[in-house]
*Asks:* 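Could you have a look at this structure, given as structure tokens, before my questions?
Since the model is a prediction, treat every value here as computed from it, not as a measurement. When reading the values below, keep in mind they use all heavy atoms of this one structure, side chains included, and skip hydrogens, waters and symmetry mates.
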Amino acid sequence: MNFDFLPDITATITDIPKDGIVSRTVFQNEHVKAVMFGFDTGQELSEHTSTHPAIIHILQGEADLTLGGEPRSAGVGAWVYMAPNLPHSVHAKTPVIMLLLMLDWPTA
């Protein structure tokens with residue numbers, strides 16, 4: 001098959017646990033991994049890095065992001081490209097649904 005189609009990617013997160021975070025891998029191949037996250041209000045991913053470039057897309061809710069030490073407020077539609085090894089964190093101000101794309105492209 002040459003494509004994968006999800007008519008509503010937000011429907012993959014139907015049950016955000018109270019005071020918790022849920023994640024679901026919705027697609028993966030040798031070049032990209034797509035993970036949906038659901039955060040309850042106040043939940044966070046503490047600062048970390050990745051060796052791969054990544055993209056965050058906020059689909060529902062509001063979050064505070066820290067990107068390379070710089071705070072950003074992110075609401076529905078916010079989109080972020082992160083270079084490899086960029087320190088980043090996510091803190092949910094409201095219940096949040098977020099798509100994370102982790103990229104892995106061949107260099108040669």
*Asks:* For L59 and M98, run side chain to side chain contact (heavy atoms under 4.5 Å, CB included): C-alpha distance rounded to whole Å, both residues' side-chain angles, the deciding distance at 0.1 Å, then the answer.
*Replies:* CA-CA 5 Å; L59 302 173; M98 176 185 95; over 6 Å; no

*Asks:* Same cluster for L100 and W79 if Ile/Leu/Val/Met/Phe/Trp/Tyr side chains link at under 4.5 Å?
*Replies:* no

*Asks:* Is it true that a side-chain atom of N29 and a backbone atom of V32 form a donor plus acceptor pair closer than 3.5 Å?
*Replies:* yes

*Asks:* Could you check whether any side-chain heavy atom of P84 comes within less than 4.5 Å of a side-chain heavy atom of P53, counting everything from C-beta outward?
*Replies:* yes

*Asks:* L99 versus I9: any side-chain heavy-atom pair under 4.5 Å?
*Replies:* yes

*Asks:* Keeping the roles fixed (side chain from R24, backbone from T12), state whether a donor-acceptor pair exists under 3.5 Å.
*Replies:* yes

*Asks:* So T25 and K33, do their side chains get closer than 4.5 Å, heavy atoms only?
*Replies:* yes

*Asks:* Atom CZ in F27, atom CG in L6: separation rounded to 0.5 Å?
*Replies:* 9.5 Å

*Asks:* Looking at T66 and P71, would you say the former's side chain and the latter's main chain have a donor-acceptor pair under 3.5 Å?
*Replies:* no

*Asks:* Report the distance from atom CD1 of I13 to atom CD1 of I21, rounding to the nearest 0.5 Å.
*Replies:* 11.0 Å

*Asks:* Are the side chains of P87 and T49 in touch, meaning some heavy atoms are under 4.5 Å apart?
*Replies:* yes

*Asks:* Can you tell me how far the CG atom of L103 sits from the NE2 atom of H52, to the nearest 0.5 Å?
*Replies:* 9.5 Å

*Asks:* Looking only at non-hydrogen atoms, find the nearest pair between A63 and V96 and report the distance.
*Replies:* CB-CG2, 4.2 Å

*Asks:* Assess whether side chain to side chain contact (heavy atoms under 4.5 Å, CB included) is satisfied between H88 and H48, documenting all intermediate values.
*Replies:* CA-CA 6 Å; H88 59 280; H48 61 285; 3.0 Å; yes

*Asks:* Does K93 come within less than 4.0 Å of D64, counting only side-chain N to carboxylate O?
*Replies:* yes

*Asks:* When rounded to the nearest 0.5 angstrom, what is the spacing between NZ in K18 and OG1 in T41?
*Replies:* 9.0 Å

*Asks:* List the steps, then state whether side chain to side chain contact (heavy atoms under 4.5 Å, CB included) holds for V35 with V26.
*Replies:* CA-CA 6 Å; V35 182; V26 295; over 6 Å; no

*Asks:* So do F37 and V22 actually touch side chain to side chain, heavy atoms under 4.5 Å?
*Replies:* no

*Asks:* Which atoms form the tightest heavy-atom contact between I97 and M36, and what is the distance?
*Replies:* CG2-CE, 3.3 Å

*Asks:* Enter the distance from Y81:OH to I56:CD1 here, rounded to the nearest 0.5 Å.
*Replies:* 12.5 Å

*Asks:* For the residue pair P17 and D40, what are the closest heavy atoms and their distance?
*Replies:* O-CB, 3.6 Å

*Asks:* Nearest 0.5 Å, what's the CD-CG distance between E70 and L86?
*Replies:* 9.0 Å

*Asks:* Are side-chain heavy atoms of I55 and V80 found at a separation under 4.5 Å?
*Replies:* no

*Asks:* Would E44 and F39 count as a side chain to side chain contact (heavy atoms under 4.5 Å, CB included) if you check the C-alpha gap in whole Å, the side-chain angles of each, and the deciding distance to 0.1 Å?
*Replies:* CA-CA 7 Å; E44 67 182 339; F39 297 80; 5.9 Å; no

*Asks:* Under a 4.5 Å side-chain heavy-atom rule over Ile, Leu, Val, Met, Phe, Trp and Tyr, are L67 and I58 clustered together?
*Replies:* yes

